[in-house]
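Ligands are counted one by one from 1 in listed order, and the atoms in each one are counted from 1 as well.
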Amino acid sequence: MVKDIKIFWLLIFIVSVTTCFAIYPPQPKGSIHVIYNNSSRTESIQTHTFDGNVFVNVQELNKAFHAAIQEDHLDNRVIVSMYNSQFIFLMESPYLFYPPEYYSMVYPMIYINERHYIPATFLTVLFPAILKNKIRYDEQKTELIVDLPIDNSIRRILIDPGHGGKDPGAVSFSRKNQEKKIVLQVALKLKKLLLKKMDVEVLLTRSDDCFIPLNKRTDFANKKQGDLFISLHCNSSRRKAANGIEVFVLATAKTDQARAVEALENSVVYEYEGGEEALQKYDDLSLILSDMAQTEQLEESIDLAIKLQANMVQETKATNRGVKQANFYVLRVSYMPAVLVELGFLSNKSEEKKLTNSAYQDKLVTAIYEAVKSFKQKHDMLQ
Ligand SMILES: [Zn+2]
């Protein structure tokens with residue numbers, strides 16, 4: 001009886017192996033070419049052979065298909081999202097889970113040198129079979145013919161130097177230094193560094209000393225459809241000892257301190273944009289709508305804010321006042337992560353000196369750049 005069972009399983013094994021070989025053609029060694037419909041762009045996916053089986057590094061799917069890749073080491077699985085579909089690869093398993101079905105890739109995904117390699121059979125057989133209308137594989141030419149993927153990566157960064165023109169923002173007790181000037185200097189330096197180091201477009205709400213109402217800043221952000229919005233400011237307090245860096249994201253829940261900064265930054269509406277009437281204008285339906293849009297981005301905004309805060313404090317050794325939530329007009333932008341950075345207190349003598357120092361500004365700029373870089377890297381892989 002025992003022997004019979006063994007023979008039974010052996011037969012099953014032989015049948016399944018031969019079926020697999022019958023269905024799955026030999027896998028391409030070298031590379032798989034990717035051709036995009038209606039585009040001159042092409043890509044090439046390198047293949048790797050381990051123990052006679054052909055694999056591709058899962059990260060190559062990001063390059064070729066703008067796939068979002070989540071490597072879940074705790075559950076030993078890799079989740080790949082592309083073309084509005086989610087593919088789940090299981091460690092040491094030849095099965096691909098494409099809910100609600102399991103598909104055999106013949107041999108398992110493997111993990112070598114901290115990289116996940118998925119069987120090439122996924123690309124040449126299952127990918128075209130599952131997404132019949134979007135993907136085709138030409139076995140002779142080892143070509144995958146696909147639709148051009150949608151690119152949601154961060155490409156356009158908006159920087160908003162606060163205040164300007166008739167609105168000086170915070171003014172130091174010495175009356176010598178104004179927020180509008182410092183934040184413009186920092187914004188211009190940041191733009192320069194981002195353009196030099198990253199493949200992104202950088203747009204400023206103002207590049208000189210001009211007055212721009214708050215609603216024009218949010219209009220600009222929404223019209224330009226940026227992928228990231230960073231508003232730069234300097235803080236001020238009647239308490240001369242107050243010092244340090246803080247980063248804000250938009251939310252209604254807030255502390256008394258956050259409310260004080262919010263009142264300060266929003267006061268431009270009252271002082272320079274027509275008082276009560278203008279306030280009324282800003283508090284209408286458009287704000288409620290943009291509030292809602294921003295809520296969707298809140299998680300990402302908080303992620304960016306945490307990175308910014310940590311980097312700036314580390315780089316400058318300034319007091320860490322933390323990431324906070326407040327209801328700023330200027331953060332009411334739609335469909336993009338948005339943060340407001342308070343670079344330091346102009347009302348504090350020692351911080352005033354630092355903020356006007358070019359080398360100190362460079363430190364702030366480097367810290368902001370590093371945070372944006374790390375945020376972009378994570379975002380682009382996990383869109
Ligand atoms: Zn300000």
Answer yes or no on whether Lys349 is positioned over the face of Phe173, meaning its NZ or CZ is under 6.0 Å from the six-membered ring centre and within 45° of the axis.
-> no

Is the NZ or CZ atom of Lys134 both under 6.0 Å from the centre of the six-membered ring of Tyr83 and within 45° of that ring's axis?
-> no

Do side-chain atoms of Asp160 reach the backbone of Gly162 as a donor and acceptor pair under 3.5 angstrom?
-> no

Give the atom name of whichever N/O/S atom in Glu179 sits closest to the Zn ion (ligand 1).
-> OE2

Please note down the angle at the Zn ion (ligand 1) between NE2 of His163 and ND1 of His233, to the nearest 10°.
-> 100°

For atom CZ of Arg238, is the number of surrounding heavy atoms from other residues, nucleotides or ligands below 6.0 Å larger than 12?
-> no

Name whichever N, O or S atom of Glu265 ends up nearest to the Zn ion (ligand 1).
-> OE1

